[in-house]
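Remarks on the structure that follows.
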Protein chains: 2
Amino acid sequence: MTKALNTREKLLFHGRRLLWARGYSPVSLRQIAKAADVDVALISRYFGGKMGLFDATLADAFDDPSALAKSPEQLMDLMTQLFVTAPRGGETPSVVRMILSNAHDDDVGEKVRNLTHEKFYAPLLAIIGCPARTALFMSVLLGISVVEKTIKLPDYPAPSTATYEAQLRHMMQAALSYSGETQ
Amino acid sequence: MTKALNTREKLLFHGRRLLWARGYSPVSLRQIAKAADVDVALISRYFGGKMGLFDATLADAFDDPSALAKSPEQLMDLMTQLFVTAPRGGETPSVVRMILSNAHDDDVGEKVRNLTHEKFYAPLLAIIGCPARTALFMSVLLGISVVEKTIKLPDYPAPSTATYEAQLRHMMQAALSYSGETQ
DNA sequence: TTAGGTTGTCAACAAGTGTTGACATATCTC
DNA sequence: GAGATATGTCAACACTTGTTGACAACCTAA
């Protein structure tokens, strides 16, 4: 039993690592199995198939930001902490990376977009209050992640943590202070 | 000869449409051929293979922004025009969408990232001057595109053109006015 | 030990991939 | 017209994909 849990967790770990970073369709079960040093057939046994494994990697993700933040200021603190500390250099890709890699996939795109809306946009909207500002706020988080992680600019060295945090806060502030047409 | 040009252009059109929107690996040559109403084998004949077709779709893209803009203000005007008018609702996906869909692909990711840097980031840097502000500027363009096109939020209606333009300018202004550590 | 359930291994499957070459048909040049 | 070239059609190739079932190895309980 303990051994089975072990291989299950290994598959979950490498499945999340690969499927989140590179996307659902491009990554094959054999690649995941090889990375986990486990037979391919065991994926279908434990998770019922490729989709089952992907769903399992999504199960405990998307911690609700609204559970921890009550004001835009607290939200900025939380996001800063989330973006600056956790995902930088970590082996497990961030949720943002998962969204960017899978939001357009033929098989899982709709599911991912719905999940993003339900567990990410909706809680943010509850705190921020205005749809336009919420969308801008999300675009800041996603955009900065794209530039830093998705598009690795050769001659743009990774900024220091302090610099990165300053840039992030500057842009979040701008998003939250948007006061034009809020449709 | 005219007929060959016709099928070549049909393949190029649908190839760009599908490969840019959904990414290189997930889209098969048979899907493209079917969309273009052309035999699969002709892709390899005319373009030498899948990679050749992809390269062909990239050939005339990435018009150099620096050729038209000389100051950050002109750049903002240009980008506003580019983002607000051209790609909204168009059948051919935008270059931004192409970047987001392909920057991580195993086969074409490096090529796309290099191209992005060479034809997109470098010209922007030449105008803006500061790497940090340039990166933030890019993150605005990419981030807003992600939220609007990559992630289609069900209850976030597409903003009017005027609203969209106002939001875009607001965020670009914020990126260009960043005055923190510029490393 | 025996019986039973869990866990892992292996081979095969149907379907889909990019690519190639043989062949047929059309189009143009002389 | 005849010959040559361009263009399209079709079948097959080697390979990879996700999935399944048969079988062996292991551990636990009676």
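Numbers restart at 1 for each chain; the letters A, B, ... are given by sequence-line order, proteins then strands. Being a predicted model, the structure only gives us computed values, none of them experimental. FYI, side chains are in, hydrogens and waters are out, and symmetry mates aren't considered; it's all heavy atoms of this structure.
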Nearest whole Å is fine: how far is [N] [atom2] from [X] [atom1]?
X	N	atom1	atom2	answer
B:Ile32	C:dG16	CD1	P	17 Å
A:Leu42	D:dG21	CG	P	15 Å
B:Leu29	D:dT9	CG	C1'	17 Å
B:Asp39	C:dC23	CG	C1'	13 Å
B:Asp106	C:dT17	CG	P	18 Å
B:Tyr46	C:dT19	OH	P	17 Å
A:Ile43	D:dG21	CD1	C1'	17 Å
A:Leu53	D:dT19	CG	C1'	14 Å

Heavy-atom donor-acceptor pair, A:Thr134 side chain to A:Ile128 backbone, under 3.5 Å:
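Pair absent, no side-chain N/O of A:Thr134 close to backbone of A:Ile128.
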
State the CG-CD distance between B:Leu168 and B:Glu148, to the nearest 0.5 angstrom.
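Rounded to the nearest 0.5 Å, the CG-CD separation comes out at 9.5 Å.
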
Taking 4.0 angstrom as the limit, do A:Asp55 and A:Lys111 come out as a salt bridge?
yes

Would B:Arg113 and B:Asp105 pass as an ion pair if we require N to O under 4.0 Å?
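A salt bridge is absent here (no side-chain N lies under 4.0 Å from a carboxylate O).
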
Which of C:dT19, D:dT7, D:dT20 is nearest the side chain of B:Ser44? It is C:dT19

Measuring from the side chain of B:Arg30 (C-beta onward, heavy atoms only), which nucleotide among D:dT19, D:dG8, C:dT17 has the closest atom?
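So the nucleotide nearest the side chain must be C:dT17.
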
Give me the residues of residues 12-25 of chain B where at least one heavy atom lies under 4.0 Å from an atom of DNA chain D, by number, or none.
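Within residues 12-25 of chain B, no residue comes under 4.0 Å of DNA chain D.
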
Would you say B:Arg97 and B:Ser145 are linked by a side-chain donor-acceptor pair, where the criterion is simply a distance under 3.5 Å?
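There is no such pair (donor and acceptor under 3.5 Å, judged by atom type) between the side chains of B:Ser145 and B:Arg97.
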
Between B:Trp20 and B:Thr57, is any side-chain donor less than 3.5 angstrom from a side-chain acceptor?
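Yes, because at least one side-chain N or O of B:Trp20 sits under 3.5 Å from a partner of the opposite role on B:Thr57.
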
Phosphate OP1/OP2 of D:dT17 contacted by A:Ser28 side-chain N/O (<4.0 Å)
yes

At less than 4.0 Å, is any side-chain N or O atom of A:Thr7 found next to OP1 or OP2 of C:dT7? Yes or no.
no

Closer to the 5' end of DNA chain D via nearest nucleotide, is it A:Arg45 or B:Arg45?
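Upstream on the strand: B:Arg45.
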
Donor-acceptor contacts under 3.5 Å from residues 35-43 of chain B side chains, at least two apart:
| residue | atom | partner | partner atom | Å |
| --- | --- | --- | --- | --- |
| B:Asp39 | OD1 | B:Ala41 | N | 2.9 |

